[in-house]
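It should be emphasised that the depicted structure is a prediction, and the values quoted were computed from it without experimental measurement. Along the sequence shown, residues are numbered consecutively beginning with 1. Reckoned from all heavy atoms, side chains included, excluding hydrogens, waters and symmetry mates.
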Amino acid sequence: MAQYEVVPLPQDIGLQQGEPFVIDNTVQIIAPDDLQREAAFLQSYLKDLTSLTLPIAKKRDNKVRYINLSVAPTITPSEAYHLTVNQKDISIIGGSAAGVFYGIQTLRKTLGLKVTNAAFPAVIVKDAPRFSWRGMHLDCSRHFWSVDFIKKFIDLLALHNMNVFHWHLTDDQGWRIEIRKWPKLTEVGSQRSGTIIGTNSDLDDNIPYGGFYTQAEAREIVRYAAERHITVVPEIDMPGHMLAALASYPELGCTGGPYQVGHYWGVYKDVLCIGNPKVYEFVQDVLTEIMDIFPSEVIHIGGDEAPSDRWQQCEKCKDAYLKDVLEGRLGADMTSVREMPMTSVREMPMFTISARYQGLFTRRIFNFLASKGRRALGWDEILDGSPRNAMIMSWRGTEGGAKAAATGHDVIMTPTSYCYFDYQQVEDTQFEPSRCSGFIPIEKVYNFDPAPDYLSEVARSHILGVQANLWTEYMTSESMVEYQALPRMSALAEVQWTQPGRKDYNAFWLRLTRLTKLFELYHYTYAKHLWPERQIPNRWQF
């Protein structure tokens with residue numbers, strides 16, 4: 001018998017009197033033209049679970065029982081749905097096609113595997129997500145993942161009712177997206193001549209490593225995600241984490257190089273020269289092609305971990321800083337600086353204004369994106385000096401995000417303390433595949449509240465949602481990515497979707513245990529710490 005307590009838990013499950021709906025080969029799926037894709041997903045899912053291939057029709061035949069898909073504007077918000085089951089039919093009505101899709105996901109997850117004569121108890125489920133941004137991030141710079149794996153990862157998001165795939169495409173260790181106007185980014189920047197072994201040891205494997213996505217492949221991933229009501233948000237990190245770009249075009253850096261694509265993990269001192277006009281030409285060219293590939297309103301521009309060391313020593317940066325001071329673009333609090341003798345201004349330590357100066361760089365990029373009808377998102381380092389409409393991704397804890405939300409910025413919460421899934425899942429890491437530090441057990445993820453009651457109502461309204469990040473310095477295979485994500489991704493799904501008052505960790509464990517059968521059906525690797533009986537026995541004997 002189907003069970004409606006799934007992951008993420010719906011907001012309202014009202015069991016009804018009456019006989020269940022039983023699926024057999026006489027049942028049809030009814031869907032209008034604009035829901036044919038959703039109907040095809042439902043047909044595929046039910047075939048996986050019941051071995052039945054239900055026919056899809058646009059009109060109901062009175063002689064058959066049916067699963068009816070429809071959209072009604074009275075269902076709000078747009079991602080909400082109503083699932084109604086009685087003996088004669090199943091109805092999924094969404095506020096949009098996305099709402100119908102999430103209703104289908106719930107129906108899919110109610111069943112076990114290879115069910116014969118699947119029976120759905122009479123019910124009325126009324127459901128809607130808590131947050132509008134329900135995301136997962138994947139770093140494809142440190143290690144490169146195939147197009148097929150990216151699609152498999154997107155399917156995992158769909159299973160969990162997530163709607164944003166944050167795709168980290170560039171960093172010091174590799175540039176992974178084709179930019180036709182700047183071809184060396186992939187000719188040079190997508191390849192590194194070796195990778196450090198362990199945690200930044202002095203030992204390098206000296207094995208060439210690389211890969212990148214063509215624009216055609218990226219468009220295919222965007223299409224694949226959109227069919228599952230998932231928006232792909234690309235990230236091109238700037239002005240730091242640009243060593244792969246500098247290795248490709250050394251003239252974009254303060255020193256002119258030579259540079260090489262990074263072998264080590266961490267933060268490099270070499271960043272874009274923010275006093276060089278060619279840098280802005282480069283950035284705008286890159287973002288123009290990115291916007292052509294990705295229709296997402298939001299474009300992630302990074303902004304984290306940009307050291308000021310090179311700026312402090314660069315004459316171009318000093319000249320540009322001086323010009324900004326004299327023309328009053330550093331704000332009212334810099335009046336005393338503008339009144340200083342010019343020679344004194346040039347001698348000021350650059351670090352005293354580095355955050356403000358990066359803010360000027362960021363505003364130029366924000367303004368460029370806004371002129372194209374797009375919206376910029378950045379890590380919380382950009383908060384100082386960024387415009388009010390800047391979206392902030394809060395990773396260094398929740399305090400920065402709360403501050404940003406209170407001052408009117410839209411915020412995505414992704415703090416390291418709850419949402420960095422490259423961190424370890426258990427304290428005893430002897431048998432863990434990753435060497436990343438940090439410890440985030442699944443129960444901690446589950447208990448995270450991105451918008452707690454102690455925040456003001458205005459601040460909470462600006463917290464759009466939450467996501468987890470998968471940084472892949474220490475993930476060397478696709479199965480490791482899955483292992484680090486699962487089952488913590490399921491806990492995150494309830495943080496994103498389910499209202500806090502509905503959450504209960506012990507009940508979640510039971511629902512999660514059933515969900516793992518789908519992980520196994522679709523060949524996902526998941527951590528089994530919650531189920532010791534499933535782990536490899538007698539590890540010490542190997």
Subject >> Where V298 and S296 come nearest, the two heavy atoms and their spacing >> reply: O-OG, 2.7 Å
Subject >> Between S141 and H168: side-chain donor-acceptor atoms closer than 3.5 Å >> reply: no
Subject >> Test: E478 and K152 ion pair at under 4.0 Å >> reply: no
Subject >> Side-chain (T498) to main-chain (L9) donor-acceptor, under 3.5 angstrom >> reply: yes
Subject >> Stepwise side-chain hydrogen bond (donor to acceptor under 3.5 Å, both in side chains) test for R142 and T195 >> reply: CA-CA 9 Å; R142 278 54 178 263; T195 304; over 6 Å; no
Original post:
Between Q173 and H241, does any side-chain donor sit less than 3.5 Å from a side-chain acceptor?
Top reply: no
Original post:
Heavy-atom distance under 4.5 Å between the side chains of V279 and I274, does that happen here?
Top reply: no
Original post:
With distance as the sole criterion, is a donor-acceptor pair present between the side chains of Q467 and H137 under 3.5 Å?
Top reply: no
**OP:** Verify the distance criterion only: is there a donor paired with an acceptor across the side chains of Y224 and D155 at less than 3.5 Å?
**Re:** yes
Subject >> ring-ring contact (aromatic ring centres under 6.0 Å, His included) between W379 and H166, intermediate numbers included >> reply: CA-CA 13 Å; W379 303 107; H166 175 178; 5.8 Å; yes
Original post:
Is the shortest heavy-atom distance from the side chain of L383 to the side chain of K403 under 4.5 Å?
Top reply: yes
Original post:
Given side chains that start at C-beta, do those of I301 and L377 come closer than 4.5 Å, heavy atoms only?
Top reply: no
**OP:** Kindly assign one of parallel, tilted or perpendicular to the pair Y249 and W182, based on the angle between their ring planes and the thresholds 30° and 60°.
**Re:** perpendicular
Subject >> Pair Y526, R488: side-chain N/O donor-acceptor within cut-off below 3.5 Å >> reply: no
Subject >> Closest non-hydrogen atom pair between L138 and W145, with its separation >> reply: CD2-CD1, 4.0 Å
Original post:
Side-chain donor-acceptor pair under 3.5 Å between W175 and E187, yes or no?
Top reply: no
Original post:
Under 4.5 Å between any side-chain heavy atoms of I463 and M413, yes or no?
Top reply: yes
Subject >> Backbone of C273 reached by a side-chain donor or acceptor of R310 within 3.5 Å >> reply: no
**OP:** Establish, from distance only, whether the side-chain atoms of H229 and N163 form a donor-acceptor pair under 3.5 Å.
**Re:** no
Subject >> Interatomic distance, H300 atom NE2 to D237 atom CG [nearest 0.5 angstrom] >> reply: 8.0 Å
Subject >> Under 3.5 Å donor-acceptor, E432 side chain and V426 backbone >> reply: no
Subject >> Considering all heavy atoms, the nearest R374-F294 contact >> reply: NH1-O, 2.8 Å
Original post:
If you measure only the distance, is there a donor-acceptor pair under 3.5 Å linking the side chains of T513 and W531?
Top reply: yes
Subject >> Ion pair check, R192 and D172, cut-off under 4.0 Å >> reply: no
**OP:** Would you check if there is a donor-acceptor pair between the side chains of D304 and W395 at a distance under 3.5 Å?
**Re:** no
Original post:
Any idea how Y280 and F361 line up, ring-wise: parallel (<30°), tilted (30 to 60°), or perpendicular (>60°)?
Top reply: tilted
Original post:
Does R180 pair with E178 as a salt bridge, N-O distance under 4.0 Å?
Top reply: yes
Subject >> Y209 side chain vs N206 backbone, donor-acceptor pair below 3.5 Å >> reply: no
Original post:
To the nearest 0.5 Å, how far apart are CE in M480 and CG in L470?
Top reply: 11.0 Å
Original post:
Any side-chain donor-acceptor pair under 3.5 Å between Y418 and T414?
Top reply: no
Subject >> Nearest-0.5 Å distance, CD1 of residue I293 to CD1 of residue I221 >> reply: 11.0 Å
**OP:** May I ask you to decide if P415's main-chain N or O and R396's side chain share a donor-acceptor pair within less than 3.5 Å?
**Re:** no
Original post:
E289 and Q215: side-chain donor and acceptor closer than 3.5 Å?
Top reply: yes
Original post:
Should D270 and T255 count as side-chain neighbours, where that means a heavy-atom distance under 4.5 Å?
Top reply: yes
Original post:
Which of parallel (below 30°), tilted (30 to 60°) and perpendicular (above 60°) describes Y446 and Y505?
Top reply: perpendicular
Subject >> Gap between atom CG of D309 and atom SG of C314 - 0.5 Å precision >> reply: 12.5 Å
Original post:
Do D410 and I392 come close enough that some side-chain heavy atom pair is under 4.5 Å?
Top reply: no
**OP:** State the CZ-OH distance between R176 and Y213, to the nearest 0.5 angstrom.
**Re:** 8.0 Å
Original post:
Looking at side-chain heavy atoms only, is the closest gap between M162 and M489 below 4.5 Å?
Top reply: yes
**OP:** Please round to the nearest 0.5 Å and tell me the distance separating atom CG of L159 and atom OG of S490.
**Re:** 7.5 Å
